[in-house]
Amino acid sequence: MGVLNNSLPDIGPVRAVDSAIGWGRKSSIWPMTFGIACCAIEMMAVYAATFDLDRFGAGVPRATPRQSDLIIVPGTVNAKMAVRVKRLYDQMSEPRYVIAMGACVCGGGPYVKWGYNTVKGVHKIIPVDIFVPGCPPRPEALMDGILKLREKVGRNQVFARQAQTAADMDGRYAAAK
Amino acid sequence: MNETDIHSKLAGAVVSGVGALDESAKDPFVVVDPGSLVPAVTFLKNDADCRMEMLNCVTAVEREDCIEVVYHLSSVTHRHSLTLKTRVERPAGGTHESWIPEVPSVAALYASADWHEREQWDLLGVRFTDHPDHRRILLPEEWIGHPLRKDYVYPHEHGGMPLDLDAVPLYERDEATPSEPAAPRPSGTPLVQPPNPNSDRPDAGGVAPADSDGDLRSIKPGSNDGGGH
Amino acid sequence: MEALEMYTVDPNDDVYTEELKLNLGPQHPSTHGVLRVELKVDGEIITASRCDIGYLHRCAEKIGENVTYLQFTPYTDRMDYLASMNNNLAWSLTVEKLLGVEAPERAQWIRVIVAELNRIASHLIAFGTYGIDIGANTPFFYAFRERESIMALLERPSGARMLYNYVHPGGVAHDIEDGWLEDVLAFCDEFEMRWKEYNTLLSHNAIFIGRTANIGVIPKDMALDYGLTGPVLRASGVSWDLRRDVPYLAPYDDLEFDVPVGEGTHGTLGDCWDRYWVRMREMMESIRIIRQACPRVPAGPFMDKAMNRMYKTPLKPEPGEAYMRCENPRGELGFYVVAEGGTSPIRCRTRAPSFCNLSVLDALLPGTMIADGVAIIGSLDIVLGEVDR
């Protein structure tokens, strides 16, 4: 990154590189094979023939967190499972994204009042990018969530932000001197 | 055979501790003493006319004055079933922390009883003596208390995982209270650290953890209000 | 077991394998959810196993003690989420038994049809995911195609796609629309064709038979001892079906259907292939039941008149208790409810079929290869939402 920081004062070409990277990333979001509860069945329906998530390049579920970019948390997370969910998230490499699927994961759902061991929303454990409500969400809803995530991934300006920050820092550093 | 015939055979075979058949109930049941539970179940399983091959369900029920353990037995050969109950009286002031009732285990007779009894121990705190593997089954090993008891108190968190609705998320908590002091800054770095340029998320800085005691929880195991979420 | 004897760990030998402890799950593609099994393996052979469940424990029984009888119906959906209708049905029958009421005749026939449709949908998932477990990806896509048709059919009366909350105490929540029964019958004709396709895809495939025949044999005595029910029990040669032996809905008495039992076609009685084949044949029996039931749905009310008030004021059954069991796709689902006069029971116990069926796993795994272990877990067809509740 040091090369970029010092040798690219003009930010235009950096944005072009960014948009290429963003397009590549958003077109190959690989989710993790991870099912917890009822929502997992609707998630499977999204992978299956009728809805066919592969149209958006996200239909290749990976069995290990180390190869996946996206973790869809489909189903209630309880105290025993939360430790595992956190560990799975920690094992994923950056950039990583989280979709909270279903009412339980968005905020406790039907288990919010008397669930003595349920975690009221997976955002208490790991940071969430997209919330997909519903009990369970319809496959269309999950696909909408994934399309929203694609937009978000495509907008991510990796190098441009770094270059901008480096320029800001230089200016600030000069002013401080 | 119907329940009456089974009960008369059972009362004749097992010497003591077999109560009368309650025929007014929807599923007629027999109450036996905890001491004669194992002989009674052994008889029901092995007798040629009863042949209760299957133990469908083991349930512990907490009532005002006792905890009763209910066994649903059924026979595939003869297509009949029987409900068996045993009761342990509650001592004065017996709460879910101080009182652990004990009932003999039938896991040696039915393999299915193994997991059922472990579940009742886990959720209701009934100890089954002579059980081969007396551990919790659904909740984590280090869980405190037995949640299906009426006087159970809901925990705030378990194993570091927050269970409250308004708990502060783990990752925000870490930023608010760094676990170890920051390392001394090497010379030449800017005095003002810029925010992480790769982060999409708004900076969480300044979110102070709410009062951890007091009324942090909005959800309480309240009395039964007859619905109306 | 022969394999185990061949490869036993003997530290005095010159060459031996160190015993390895292996964790299977809770995040594993072939554990059907969040089951965790601690395995001790010697090379490829499993020497000991210990199930660890509870990763999906959702406090259903505690909730049952706090909500009203009607409000608990949607929670039963979320236990065995592949067979929501059957769960609703079992709960409704339990409450009806407690109250001493009976659903109107039209409701009973509708219940039979929706329960059998959901049984097919549930077995389709078992079929599709079992293929994936064994290494055949194609059946999954075929199975989900037909499942979508069933879900579209069940969505029309219930309004929901997967967790229906349709069968309520006293009847069903909504009446079926005109033309629905004809569409169900049309689906039956199509499904019969598709079913033959499945068999050419998977059932009689030589590799599939090689992977499943003689694997995970459950003898009859062992099946009864562990309290196994449903297709797992029937595959071991016990002809026990609550629909026929303890009819819980009146229409089942009038309907003609067979109870498929394992025969040991490709190996020993009670192996994985038998369990698979019993499920496949049960789908066709369900089709047979639906075909008989559709023309016989009578006109009349779909919900008990007196029960309608439960939507405004909660039900208050007399003190008492009821144990009701139903034949679910996975086996005997029982609800044991103890009422003491309030609007909610003081104990609401669920006897989950998957819970009992899974308990046999620790006894089956030792002595098998790891890959066969996956085949055994898949053949038990567990739903973790029901195991943990």
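Per chain, numbering begins at 1; letters A, B, ... match sequence-line order.
- Atom NZ in C:Lys62 sits 12.0 Å away from atom CG in A:Asn117 (nearest 0.5 Å).
- In this structure, the portions of A:Ile36 lying under 4.5 Å from any heavy atom of chain C include both its backbone and its side chain.
- A heavy-atom distance below 4.5 Å is found between the side chains of A:Phe51 and C:Glu148.
- When atom types are taken as modelled, the side chain of A:Asn78 and the backbone of C:Gly54 share a donor-acceptor pair closer than 3.5 angstrom.
- Counting heavy atoms from C-beta outward, A:Thr76 and C:Arg78 have side chains that stay 4.5 Å or more apart.
- Atoms CE and CG, on A:Met81 and C:Asp388 in that order, are 10.5 Å from each other to the nearest 0.5 Å.
- When each of A:Ala63, A:Ala37, A:Pro74, A:Gly115 is scored by its heavy-atom pairs under 4.5 Å with chain C, the top score falls to A:Ala37.
- Counting heavy atoms from C-beta on, the side chains of C:Asp52 and A:Lys80 come closer than 4.5 Å.
- Ranking A:Ala49, A:Ala48, A:Gly75, A:Ala79 against chain C, the residue ahead of the rest is A:Ala48, based on heavy-atom pairs under 4.5 Å.
- Chain C forms the most heavy-atom pairs under 4.5 Å with one residue out of A:Val77, A:Thr64, A:Thr33, A:Ile41, and that residue is A:Ile41.
- Contact annotation for residues 19-27 of chain A against chain C (heavy-atom separation below 4.5 Å): no residues qualify.
- Inter-residue side-chain proximity for A:Glu42 and C:Met162 is flagged as met; some heavy-atom pair is nearer than 4.5 Å.
- Residue pairs meeting the ring-ring contact (aromatic ring centres under 6.0 Å, His included) criterion with at least one partner in residues 135-159 of chain C, sequence neighbours excluded, are C:Phe140-C:Phe144.
- Using cut-offs of 30° and 60° for the angle between ring planes, the C:Tyr75 and A:Tyr111 rings count as perpendicular.
- Considering SG of A:Cys38 and CG of C:Asp80, their distance stands at 10.0 Å, rounded to 0.5 Å.
- The pair C:Arg161-A:Glu140 does not count as a salt bridge, with every side-chain nitrogen at least 4.0 angstrom from each carboxylate oxygen.
- Nearest heavy atoms, A:Met44 versus C:Thr129: CE-CG2, 3.5 Å.
- The shortest side-chain heavy-atom distance between C:Glu155 and A:Arg138 falls under the 4.5 Å cut-off.
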